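Keep in mind that this is a model prediction, so the values were computed, not measured.
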Amino acid sequence: MLPVVVVHGGAGHIPKERAELSTIGVKEAARTGYAILQKSGSAMDAVVEAVALMENNPRFNAGTHTTHTSHLIPNTTSRVSRKLRLCPYVIGRGSVLNVKGEVEMDAMVMDGRNLDSGAVSAVRRIANPVQLARLVMEKTKHLCLTAEGASKFARSMGVPEVPEESLITDYAKMRWKKNLQPDANPVECQMGKMGTVGAVAVDKDGNIACATSTGGMINKMEGRVGDTPCVGCGGYADNNVGAVSPTGHGEAIMKVTLSRLILFHMEQGKTPEEASDLALTYMKERVDGLGGVVVVDPKGTWAARFSSLQMSWATAQQGELHYGLYCGEHFVEPVQENI
């Protein structure tokens, strides 16, 4: 069962014309993480690289943060042919804008071996927040750095800054302006475009890690920080129990500490799938929150579950690539693509 990596591209609604690209993006990320694990790389290396790939958007400038939420996935399996690789995600370039029209990003990582964690919040002009979060974990005594403090730390570590205008796309500007209108509903609009990406993994040595990165909510207040950089909310990893990376409405996720809640249920003997369903149902009933999660336990048992319309997800394990987007989808194909 080991190694294994599971990734998500966010929960919400994806326009039909973006759906295939969303699936291709998470498949590419899962393959990237799995290749690292197959070469005896660490779970931390795998999740950071998988998430960084989705942040980078190297081949397809979608100019969106696609977040998708969906229904709980039954065990249906089919096969589809390989498609052209493109990654439609980007947390740096294409990030949603705050109320002032600026880009602020959050990210976190967690190491299940010793519960070490690193996070950044409200960072600007950084192309890969997840890599900066790892540096916080490895190079400081703190768990989270924010805003200008995080930027100063990035500069001290030699992390290059990019011009803010290079992160802002025409599509992001259009959505920002649209949601400044008096009759706009940014929360409703957001449910299709949160832009969170994440990954969980178990390596050959049985070590577990998670990583999550986001551009946050559209037209959020300046300085707003969501669930992503908060331990137990935007992710959690513990070698003794498992790992979670969530996506959805950050305020709802924080209210129920979604990631740790799922692991609590697993500690009580629930499978990753059962624990995820219990926690997502509780979040919906208690705080009217929708979202999704990818989860793995120390044995490599995994789940990709969601409580609204869609969530793009992919898993690489035992030479097979599992993936889906809509309720009931569970496709399988070889990890190694036929050239």
Exercise. Would you say the side chain of Val159 lies within less than 4.5 Å of the side chain of Ile126, judging by non-hydrogen atoms?
Worked result: yes

Exercise. Can you tell me how far the OG1 atom of Thr214 sits from the CE atom of Met108, to the nearest 0.5 Å?
Worked result: 13.0 Å

For this session: Nearest 0.5 Å please: distance from the CG atom of Asp203 over to the CG atom of Asp45.
Result: 9.0 Å

Exercise. Can Leu37 be reached from Val335 by stepping across I, L, V, M, F, W or Y side chains whose heavy atoms are under 4.5 Å apart?
Worked result: yes

Exercise. Does Ser213 reach the side chain of Met105, with side-chain heavy atoms less than 4.5 Å apart?
Worked result: no

Exercise. Between CD1 of Ile262 and CE of Met266, what distance do you get to the nearest 0.5 Å?
Worked result: 8.5 Å

Exercise. Between His330 and Trp302, is the gap from one ring center to the other below 6.0 Å?
Worked result: yes

Exercise. Thinking salt bridges, do Lys27 and Glu333 make one under a 4.0 Å N-O criterion?
Worked result: yes

Exercise. Just wondering, do Val244 and Leu258 contact through their side chains at under 4.5 Å, heavy atoms?
Worked result: no

For this session: Quick one: closest heavy-atom pair of Leu132 and Val123, and the distance?
Result: CD2-CG1, 4.4 Å

Problem set entry | Donor-acceptor pair between Ser312 and His8 side chains, under 3.5 angstrom | no

Exercise. So Val48 and Val109, side chain to side chain contact (heavy atoms under 4.5 Å, CB included) or not? Walk me through it.
Worked result: CA-CA 8 Å; Val48 169; Val109 299; 4.0 Å; yes

Problem set entry | Cluster overlap Val231 with Met254, hydrophobic side-chain contacts below 4.5 Å | no

Seminar exercise, completed: Closest non-hydrogen atoms of Arg305 and Ser276, given as atom of the first, atom of the second and distance, are CG-CB, 3.7 Å

Problem set entry | Thr271 backbone acceptor or donor facing Glu274 side chain under 3.5 Å | yes

Exercise. Can you find a side-chain donor-acceptor pair between Asn207 and Asp205 that sits under 3.5 Å?
Worked result: no

For this session: Inspect the contact between Arg134 and Glu138 and indicate whether a charged nitrogen and a carboxylate oxygen are less than 4.0 angstrom apart.
Result: yes

Problem set entry | Lys204 NZ: over 12 foreign heavy atoms closer than 6.0 Å | yes

Exercise. Strictly under 6.0 Å, is that where the ring centroids of Trp313 and His322 end up?
Worked result: no

Exercise. Have Glu49 and Thr32 got a donor and an acceptor in their side chains that come within less than 3.5 Å?
Worked result: no

Exercise. With no hydrogens and no angle check, is any side-chain donor or acceptor of Tyr34 less than 3.5 Å from a backbone partner on Gln318?
Worked result: yes

Exercise. Any side-chain heavy atom of Thr212 within less than 4.5 Å of one from Val51?
Worked result: no

Problem set entry | Smallest separation among heavy atoms of Pro229 and Ser121, with atom names | CG-CB, 3.9 Å

For this session: Answer yes or no: does atom CZ of Arg155 have more than 12 heavy-atom neighbours from other residues, nucleotides or ligands under 6.0 Å?
Result: yes

Exercise. In Å, rounded to the nearest 0.5 Å, how long is the span from CG of Asp106 to OG1 of Thr228?
Worked result: 6.0 Å

For this session: Hey, could you give me the CG/SG distance between Asp111 and Cys210, rounded to the nearest 0.5 Å?
Result: 9.5 Å

For this session: Would you name the heavy atoms of Val7 and Val26 that are closest together and state the gap between them?
Result: CG2-O, 3.4 Å

For this session: Search all heavy atoms of Asp238 against all heavy atoms of Ile208 and return the closest pair with its distance.
Result: O-CD1, 3.8 Å

